[in-house]
Amino acid sequence: MPAIIRRYIALGFWFLPGWCLQAQTLKEYPDSTVLDDGRVRVVLHTASGAIDYHFAGGIDIDNAVGYVLDTRAGLLLTSDLAQHPYSTDEVHDSLGDGIRINIRHMDDHHALSLVQRITLYTNRHWVLTDLTAAATGETMVETRNISPLAILPRQLGRMSISGDEPRILDEPFDNDDWVGVVERHWPGAEGTSYEFSALYDNTALNGLVVGSLRHDCWKTGIVYHTGAARGPGQAARGPGQIDSLVVYGGAATPDVPSLPPAYGGKDGTHDHLPHGTLTGASVASPLIFLGGGTDLRSVFTDYGRANAIINGRLEWKGAAPVYWNSFGVEGVLGYEKVMMPPGVAKISDYLHGLANFSRWSHPVLSIDSYDQSIYTTDLLSSLSTYAKKNGQQMGFYFIPFAVWTWKNSLDQTKLAGTGYSLSEVVLKDEQGRPIAYKEGDWGAYPIDPTHPATRQSIIAQLQKAKAIHASFLKIDFLTAGALESSTRSNPAIRTGMQAYDYGMRMLKHLIDSILGPDIFITEAISPMFPHQYAHTRFLSTDVYSHLRDDEKGFPAWGSTESSLATASHLGWTQGTLWPFTNMDVCIMEHFEKNPELSEQEIRVRLYAMMVMGSILGDGSDFRQPLAAQRGRKYLDNPGLCTFFSRPQAFLPLKYSDGDSFDQQMVFYLRSNDPLLGLFNFNTRDAFNYHCSLDSLGLKRGKYILKEFLTGATLATVAAGQEDLSLTIPPGDALMVEWIPQ
C-alpha cells in the first residue's frame, strides 16, 4: 500500500474525513509512522513499538520505550510485547489543538497491556506522553514504578545533543537543607533528578526539558547515566550522548548521610518507606512534558506555562507585597527575647518612616517561628492594631503538616487545636513506628494530611491568623506532608504525593473560607510541585546574605552565591508557576549572631533578588544605628522600590555551572528600561564580560550605562558601536541601566 499522507493546515478550513485543521503532518510508512511539525518529529517504529523524538537544536532520542514494574507480574517493557497497533485522535483541550497517537502494546502471552499516548500540539513544539498499564483479564494492576519514557542501552536506546559543553540539570525534590541545583558534566554523570530536568549545552544553551505535568499522585524521578560506553552495535559515544535516562512515577529515596548533600545525601524525597502503590484495572504514569529547542530558556518557560494551564495558578492583584521578617533578628521561637515583643513596635515605627518602601503596598510585619507562650494571640492582635496605625499589615507563620516536639512526648502531647495525641496522627514506618521528619531528641514529626485532626489543627491556626487580621501567610516544612507512610486516615489515598496534594488543596480551601481570598501565601521549605496553592515559594533555603558559603566566620550555607547559583536555573517559575518568586530576606547589618555584612554584600544580595523576580523582604534589627542607616539608603531607594513593586525575573545569559563558589553569572531584563545584572563571586579575579547590542536585542545607537543604585556612569556606547566589555570586581555585582541618548 502506498504511504498515506495527511496534511493539516492551520489557516483556512480544509476538512478531511475524521480530521480537523492542524499544523502537523502525519505520515504512515510500512515500518513507521511519523508525526512532524517542522521543529518536532515523533517516529513510531511499528514493528518494535519503540519511539524516536527529534527536536530543533540537534536533540535526538532514539528507541525510547516505556515500562511498568507490577508487584505481581514483574517488569514489562513496551518492547517485550509483540504487537503495537495504534490509532490517532484529534485533541482540543486547554493546551490547544493537536494530534494524539495512541499505541497499544499487547500480545496473547502477557496479563497486561501498555497503552502509550503521545500528543503534539499546533505551534507548541513540545510533546506530552504518558503510559497506562491495563489488565487484560480479571487481575488488577499494582505498581509503584511506571515509566512513559525510558532510554535503555539493551533496547538500543540513545540520546544526543549537539555542542561541546553538555550538562544535566539535577533538581532536588525540595528546597530544604541548603541543597542546591547541580549542573552535572558529561560524560561520567549519574544520579536522580526530581520532577524535572534539563539536558543542555552550557555554551549555546540548546537543550531538552523533561518534567512531570501532574502532581496529584506520583513523585517523579528522572534517573540518568552518561558515559562513554559502547552500546550493542554502536560506536563509542561522544561527550553529548547519554547511556540511559528513565523518567518514572514512584520515586522515594532516603537521605544518605555518607553521601554529599546534593549527590544523594539530602537531595531526595527524605522518605523512610518505598513509594506507595497504585492499583486498579488500569494505572497511569505521570504525564510527561518533553520539549527541546535552540533556546533552553524558552523551553523552560513552555514547561512552566503548561504546568500552569493544566493545574492552574494563583494570581495577585496590585503591587507585590513587601515585608519585614523577625527570623533574622530573633531566631527560632523567640525564647532569647532579643526582639520580642516590644522591639516589633520600634521596627514598625522605623518602616513607617521609609516612604518609598511603603509607597506601593502596605508593608507586612511577619513574626516567624515564634514561641506561642511569648507571642500569644492577644499580643499579636495588639501588634496588628499598632501596625495598622502605621499603614502596615500582619503576617502569620505556621507549619500545617509537621509538629516540633520532644521525641519521648508523642503519646502525651496533643496536636494543637485538637483532642488527638500526636501518636495518633503522625505518619508511620512499616513497623508502625512514628517517622521522624527532622531527627533529634527535639525533632519534627510529620502528620497525616488526610487525618481529621490535621484539618482541625489547621483551622485552629487560621483562626489565630484571623484574630490578628493577618493578610500574609508563611507556611513551612511542607515536605513533611508528602512523606510515604504505612497508614493513612483515608485509605483511598495511597501515596505521599496524593496526601500532600489533598492537604494543600484542603489548606487553600480553609484559607479562603476563614481568611478570605486575598491572602498572600508564601511557601518556605516545600516541594516545588504542586505549585498552584501559593503565590510564591523560596527558590532556596533561608539566606543569611553573606557572599559565599566559605566566607570566614559565617555558616557554611545560606550565602547569596549558593542561593543564586540554585535560583539561576529557576527564574522561569516567575510568571508561569507563581506571580513572583521568593529569595528570602535581605539583611542590612548581620543575621542573628553572624558577623557584620559589608555594603558590597548587601548590594550583591539585593541585585540577586532583583534578577530572580523576588518579592522584597528584610530581616534586619533596625534598632541598631548601622542597620537603620543602611535601610534608609537601600530599602528606601525609589528606583529599587519601584522595581520590587512589580518584580520580573531576568533572562539568564550565563548560568551557574558546577560546584565552585567562584560562580560568574549574567542576567538580562529586556524592557523599556533594560537592565543587565552581572555577578562575580570569584573573590580573587575580576570578571570581564563581553556583550553585543544584538545579543541583548538593542538597537544600534548611543547609550549611557549607569549603575542602578548609585547612578554612577559605568560606560558609554557610541553611535555605530556594536559591542562593549564590562568589568565586575572580585566578589561584586553590577546592575547596569541602559539609557538611550
Side-chain angles (χ1 to χ4, degrees), residues 316-325 347-366 387 390-393 472 520 536 545 560 574 579-589 597-620 622 624-650 667-679 703-715 732-741:
W316 186 251
K317 298 176 182 178
V322 295
Y323 68 102
W324 175 83
N325 184 273
I347 298 297
S348 175
D349 290 341
Y350 174 83
L351 294 177
H352 182 62
L354 302 181
N356 290 307
F357 186 76
S358 305
R359 177 184 175 189
W360 298 97
S361 64
H362 299 293
V364 174
L365 298 181
S366 176
N390 278 336
Q392 297 153 4
Q393 310 171 73
F472 181 101
F520 191 90
T536 186
S545 291
T560 296
Q574 188 271 317
F580 319 106
T581 68
N582 194 337
M583 289 284 282
D584 201 10
V585 297
C586 55
I587 300 292
M588 293 293 118
E589 185 174 1
L597 299 167
S598 68
E599 284 207 44
Q600 182 167 308
E601 287 176 300
I602 294 170
R603 281 193 301 101
V604 174
R605 176 87 186 102
L606 287 167
Y607 289 161
M609 297 171 76
M610 285 180 66
V611 299
M612 286 297 106
S614 174
I615 59 174
L616 177 60
D618 186 273
S620 305
F622 292 117
Q624 306 303 317
L626 181 60
Q629 174 193 334
R630 289 174 170 179
R632 286 187 289 270
K633 179 178 180 179
Y634 292 106
L635 296 180
D636 212 30
N637 179 282
L640 187 89
C641 293
T642 298
F643 176 87
F644 279 112
S645 70
R646 299 189 183 276
Q648 289 181 269
F650 290 34
F667 305 86
Y668 180 60
L669 182 63
R670 182 174 296 172
S671 68
N672 293 332
D673 301 304
L675 293 171
L676 184 68
L678 306 103
F679 297 84
Y703 293 88
I704 295 178
L705 278 58
K706 291 192 174 184
E707 214 283 330
F708 180 77
L709 282 173
T710 66
T713 297
L714 299 171
D732 206 350
L734 293 178
M735 184 63 68
V736 182
E737 290 186 277
W738 291 70
I739 302 172
Q741 298 299 297

Check: Can you name the closest pair of heavy atoms from M588 and S620 and give their distance?
Finding: N-OG, 2.7 Å

Note to self: Can you confirm whether or not the ring centre of Y350 sits under 6.0 Å from the ring centre of F622?
What the structure shows: yes

Checklist line | N390 side chain vs Q392 backbone, donor-acceptor pair below 3.5 Å | finding: no

Notebook entry, point to check: Is the shortest heavy-atom distance from the side chain of P363 to the side chain of W324 under 4.5 Å?
Noted result: no

Next item on the list: State the CE-CD distance between M612 and Q574, to the nearest 0.5 angstrom.
Entry: 10.0 Å

Item checked: Nearest non-hydrogen partners of Y323 and I615, listed with the distance -> CE2-CD1, 3.7 Å

Checklist line | Steps toward side chain to side chain contact (heavy atoms under 4.5 Å, CB included) verdict (F650, M735) | finding: CA-CA 12 Å; F650 290 34; M735 184 63 68; 3.8 Å; yes

Item checked: Gap between atom CE of M583 and atom CZ of R605 - 0.5 Å precision -> 5.5 Å

Next item on the list: Would you check if the side chain of D636 reaches a backbone N or O of N356 as a donor-acceptor pair within less than 3.5 Å?
Entry: yes

Check: So, for A320 and S361, which heavy atoms are closest and what is the spacing to 0.1 Å?
Finding: O-OG, 3.2 Å

Check: Which pairs with one or both residues in residues 732-741 pass side-chain hydrogen bond (donor to acceptor under 3.5 Å, both in side chains), sequence neighbours excluded?
Finding: R603-D732

Note to self: Could you measure the distance from the OG atom of S358 to the CG atom of L635? Nearest 0.5 Å is fine.
What the structure shows: 10.5 Å

Notebook entry, point to check: Looking only at heavy atoms, what is the nearest atom pair of L351 and L365, with distance?
Noted result: CD1-CD2, 3.9 Å

Note to self: Can you tell me how the ring of F520 sits relative to the ring of W316, calling it parallel under 30°, perpendicular over 60° and tilted otherwise?
What the structure shows: perpendicular

Note to self: Quick one: does any side-chain atom of T536 pair with a main-chain N or O of F580 as donor and acceptor, under 3.5 Å?
What the structure shows: yes

Next item on the list: Let me see the working for M610 and L606 under side chain to side chain contact (heavy atoms under 4.5 Å, CB included), right down to the final yes or no.
Entry: CA-CA 6 Å; M610 285 180 66; L606 287 167; 5.7 Å; no

Check: About how many Å separate CG of L616 and OG of S645, when rounded to the nearest 0.5 Å?
Finding: 10.5 Å

Next item on the list: Return the minimal non-hydrogen interatomic distance between M609 and D584, and the atom names on each side.
Entry: CE-O, 3.2 Å

Check: Which heavy atom of L640 sits nearest a heavy atom of Y634, and at what distance?
Finding: CD2-O, 3.2 Å

Next item on the list: Ignoring hydrogens and angles, tell me if any N or O in the side chain of E707 forms a donor-acceptor pair with the backbone of A712 under 3.5 Å.
Entry: no

Next item on the list: Answer whether the closest heavy-atom distance between the side chains of W360 and V322 falls below 4.5 Å.
Entry: no

Next item on the list: Working to the nearest 0.5 Å, report the span between CG of L734 and CG of L678.
Entry: 6.0 Å

Notebook entry, point to check: Between atom OH of Y668 and atom CG of L676, what is the distance when rounded to the nearest 0.5 Å?
Noted result: 7.5 Å

